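Inspection log for the structure reproduced underneath, given as structure tokens.
Residues take their numbers from the sequence shown, with the count starting at 1. Side-chain atoms are counted along with the backbone in the values below, which use heavy atoms only and exclude waters and symmetry mates. Note that the structure is predicted; figures quoted are calculated from it, not measured.
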Amino acid sequence: MWRRSKCALQKLKKVNKSKLKNGKKKSVVKKEENSTYEKTEVFKIFQNHSLDQIVAKYSKAALAAMYYAVYCSKPLSADNKERIAQVIKGYIHDMSRAEVLLGGL
């Protein structure tokens, strides 16, 4: 028995540790669309189209790029296309209300 364990230990010493798999999977790098939007362009899109049309026409990546143009930060990863579009639409609505209120000064 001692001989078997000694032989096994000798073989384990010869194993190349760098070639062992440790259960970690390499992450796949997703290629992002190189679409950048200007804030005014996003405002025009949301003023000329309904929310349903925007969600149907644009991908989640495109809506995230629009969100970044408006807020200068990325949306939450848990947000879906509809939620991102609703947030942008709400921002545009709030800005137009503020413009009307401040226009009276």
Side-chain angles (χ1 to χ4, degrees):
M1 183 151 208
W2 170 252
R3 201 173 243 182
R4 283 188 217 164
S5 61
K6 188 175 182 183
C7 181
L9 288 174
Q10 290 296 327
K11 292 197 182 232
L12 284 175
K13 285 182 182 179
K14 294 179 184 178
V15 172
N16 187 353
K17 296 174 190 170
S18 64
K19 293 190 177 187
L20 291 176
K21 294 182 181 179
N22 58 359
K24 293 182 182 177
K25 293 182 180 179
K26 292 183 180 180
S27 61
V28 177
V29 177
K30 293 181 181 179
K31 187 176 180 182
E32 294 184 18
E33 295 179 12
N34 290 334
S35 58
T36 56
Y37 292 92
E38 296 288 326
K39 198 172 189 177
T40 56
E41 183 181 357
V42 174
F43 279 29
K44 286 179 186 176
I45 291 170
F46 276 83
Q47 289 172 347
N48 295 333
H49 301 300
S50 71
L51 206 59
D52 294 332
Q53 291 172 336
I54 293 169
V55 170
K57 184 176 181 179
Y58 295 99
S59 66
K60 184 177 178 181
L63 288 170
M66 291 180 198
Y67 184 97
Y68 188 83
V70 173
Y71 285 103
C72 296
S73 67
K74 292 183 180 180
L76 297 175
S77 60
D79 289 346
N80 57 12
K81 288 171 44 172
E82 293 171 359
R83 178 69 183 140
I84 295 170
Q86 287 172 352
V87 170
I88 296 170
K89 187 81 164 181
Y91 178 84
I92 293 170
H93 176 66
D94 292 344
M95 288 297 110
S96 63
R97 282 189 67 209
E99 185 177 324
V100 168
L101 290 172
L102 294 176
L105 291 178

So how far is it from Lys39 NZ to Glu41 CD, rounded to the nearest 0.5 Å? 14.0 Å
With hydrophobic residues grouped by side-chain heavy-atom distances under 4.5 Å, do Tyr68 and Ile88 end up in a single group? no
Spatial distance of atom NZ (Lys74) from atom CG (Asp79) [nearest 0.5 Å]: 14.0 Å
Can you give me the closest heavy-atom contact between Ile84 and Ala64, atom names plus distance? CG2-N, 4.4 Å
Would you say Ile92 ends up clustered with Tyr67 if hydrophobic residues are merged whenever their side chains have heavy atoms under 4.5 Å apart, either directly or through other cluster members? yes
Measuring from atom CD of Gln47 to atom NZ of Lys89, what distance do you get when rounded to the nearest 0.5 angstrom? 8.0 Å
Testing the basics here: between Ser77 and Lys60, what is the closest heavy-atom pair and its distance to 0.1 Å? O-NZ, 3.5 Å
So do the side chains of Ile54 and Leu63 get within less than 4.5 Å of each other, counting heavy atoms only? yes
Please collect all ring-ring contact (aromatic ring centres under 6.0 Å, His included) contacts where either partner lies in residues 42-65, sequence neighbours excluded, each pair once. none
Indicate yes or no: at least one non-hydrogen side-chain atom of Asn80 is less than 4.5 angstrom from one of Arg83. yes
I'd like to check the side chain to side chain contact (heavy atoms under 4.5 Å, CB included) partners of Ser50; sequence neighbours left out, ordered by chain and number. Asp52, Gln53
Backbone of Ala56 reached by a side-chain donor or acceptor of Lys81 within 3.5 Å: no
Applying ring-ring contact (aromatic ring centres under 6.0 Å, His included), which residue pairs with at least one partner in residues 80-100 are found, sequence neighbours left out? Tyr71-Tyr91
